Structure formats: structure tokens, C-alpha cells
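In what follows, a structure is listed as C-alpha cells, so that the remarks can point back to it.
Order of listing sets the numbers, starting from 1, for every ligand and every atom in it. Because the structure is predicted, anything quoted here is derived from the model rather than measured.
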Amino acid sequence: MKSTRNAIFRRLEALYARMGQGYAATAQGTGFTCAGCTQNCCTSHFQHHTYVEWLYFFKGFETLPAPRREAYLDRARACVRETQDALLRGERPAVMCPVNDDGLCGMYEHRLMICRLHGVPHVLAGRDGLPQAYPGCHRFPAPAGADAAPAPLDRTPLYRDLARLEMDLLGARLRALPRVNLTLAEMMVQGPPRLTP
Ligand code: SF4
């Protein structure tokens, strides 16, 4: 139902805003910046796991002018081929995201969760419920002392709330639909998700 879906999108936007705030709070005062980095995180082999983000990405994608959509889709098809080739060679793919335009995200407002959280030190509860710490980007500045270390971003409530949104979107279909495990390029080539099993 459209009104339900719009309400879920509004909740996702609020969750994305919290991600941005959490990221900024961890990075604040550290001088951490992506400027001048020779590696681009947008070549990372990110895989995404929710229908709700896939759907929201397409909400934005479908507002783009047709020629831009076509150009991105051409790149997405090439990206999928290059990624598969790398995997067949036994390599970890490092293929530029199809919506990256000369270093800038062409879908910034609709980019997915991992694009919003990547880079800063974070903690995430493991299966045992205990928080596991992750260092973030190798360029993240080392703190001058233990007291100076910024609090790592806690991804746990963000992941939990995204999972709740996924459940609210899918309801009883959650168990019937295949699990999502796709790169953004694969999502784009497949088109908007079909939410009927
Ligand atoms: S969606 Fe945007 S931020 Fe995410 S990998 Fe692609 S270009 Fe980078």
C-alpha cells in the first residue's frame, strides 16, 4: 500500500539522518577527511541486504532524467561483468560504483547504509550480544591519548532499526522472499525489487 510505503520511507530517511549524525559525532574534531585519498571507498565490494534500501534507492533513481538513468545502467551492467570476472579469478572485486561521477556520488540522498557508515571506527554487537570494535579507515587519525579517542559509532541500534523497517515493509513476506545479498550494481541491473514471493 502506497501510504504505508511512504511512511516507511520517512522512517528510513530519519534513520539515515541518525547515521549521519552518529558518523559526524565520531569524526568531529579528528580532522578525518576523505580529501586527497588515493583509494576510493566507492570501489569497495559492498553488498547490501535489505529490500527497503533497494526500494528507496529506486525511489530516487526513477526521478533522474532518462539519459542519466541509462548511462548509470550501462555502467552498472559493466560493473556486474567486471565484478564477476574478478570473482572468477579469485580476486576481491575493486570496481567503481556505477553511480560515482568523477568522485562524487550521483545518488547521494538515496545512497545505502554502508555508504553512510563506512570509514569511522565503530562497534557492533556480535551474535553473543557483546560489542565488537572495528577500527574504520586506515586514514582515521590515531588519537593523541586514550582520553582523546572519540567514541566509536555504535552501529548496533542502527542495524536493529533498519531490520525493523525491513520487517514492517515485508510483514509475512519476509520469510518467503529470497535473502538480499547484492551489490548496488546488481540491484540496478535487476531493477526495483519485486516484493511478492
Ligand atoms: S552509492 Fe554513492 S557513496 Fe555509495 S558506493 Fe556508490 S557512489 Fe559511493
Side-chain angles (χ1 to χ4, degrees), residues 8-9 12-28 30 32-87 91-122 124 134-140 153 155 158-159 161-163 165-166 169 180-193:
I8 285 177
F9 285 158
L12 181 60
E13 286 162 2
L15 178 58
Y16 281 158
R18 278 173 50 212
M19 291 178 189
Q21 289 155 8
Y23 186 102
T26 296
Q28 188 179 25
T30 64
F32 178 56
T33 169
C34 300
C37 182
T38 53
Q39 295 175 345
N40 190 319
C41 293
C42 302
T43 62
S44 302
H45 187 56
F46 290 142
Q47 285 168 299
H48 311 279
H49 306 292
T50 62
Y51 285 95
V52 67
E53 286 203 289
W54 184 357
L55 206 56
Y56 186 73
F57 175 87
F58 267 94
K59 179 176 185 285
F61 187 74
E62 284 164 356
T63 66
L64 298 178
R68 193 157 153 220
R69 281 203 309 269
E70 275 312 309
Y72 282 159
L73 285 172
D74 282 348
R75 288 193 217 162
R77 287 185 275 267
C79 185
V80 169
R81 281 194 301 273
E82 285 180 53
T83 298
Q84 286 170 349
D85 288 349
L87 290 170
E91 297 168 5
R92 184 166 179 81
V95 183
M96 180 54 78
C97 173
V99 301
N100 187 297
D101 296 322
D102 299 323
L104 294 179
C105 179
M107 290 293 299
Y108 193 78
E109 297 299 328
H110 291 82
R111 71 201 193 283
L112 283 75
M113 176 177 71
I114 195 62
C115 305
R116 297 168 188 266
L117 299 181
H118 193 68
V120 296
H122 64 275
L124 178 64
Y134 299 87
C137 177
H138 66 281
R139 281 167 48 102
F140 196 85
L153 173 66
R155 288 190 182 185
L158 304 172
Y159 282 29
D161 290 355
L162 184 62
L165 274 175
E166 181 81 341
L169 173 73
V180 179
N181 194 24
L182 297 169
T183 64
L184 180 60
E186 288 168 333
M187 289 177 164
M188 291 171 65
V189 169
Q190 290 194 25

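- The proximity of Leu112 to ligand 1, defined as any non-hydrogen pair under 4.0 Å, does not occur for either the backbone or the side chain.
- Stacking of Arg75 on the aromatic ring of Tyr72 is not recorded, the 6.0 Å distance cut-off and the 45° axial limit not both being met.
- Among protein heavy atoms, the minimum distance from atom 2 (Fe) of ligand 1 is reached at Cys105 SG, 2.3 Å.
- Under a 4.0 Å criterion applied to the non-hydrogen atoms of Leu184, ligand 1 contributes the atoms 1 (S).
- The 12-atom threshold is exceeded at CD of Gln190, counting heavy atoms of other residues, nucleotides or ligands nearer than 6.0 Å.
- Every atom of ligand 1 is numbered from 1 in the order shown, and the set under 4.0 Å from a heavy atom of Cys115 is 1 (S), 3 (S), 4 (Fe), 5 (S).
- If you check which protein heavy atom lies closest to atom 6 (Fe) of ligand 1, you get Cys97 SG, 2.4 Å.
- Using modelled atom types, no side-chain atom of Arg139 and backbone atom of Phe32 make a donor-acceptor pair closer than 3.5 Å.
- Annotation for ligand 1: atoms under 4.0 Å from non-hydrogen atoms of Asn100 are 7 (S).
- Between Glu109 and Tyr56, the shortest heavy-atom distance links the atoms O-CE2, 3.8 Å.
- Between Thr50 and Val180, every side-chain heavy-atom pair lies at or beyond the 4.5 Å cut-off.
- Paired with Tyr16 under the rule side chain to side chain donor-acceptor pair (under 3.5 Å), one option of His110, Glu53, Gln21 passes, and it is Glu53.
- Not a single N, O or S atom of Cys42, from either the backbone or the side chain, sits less than 2.8 Å from atom 4 (Fe) of ligand 1.
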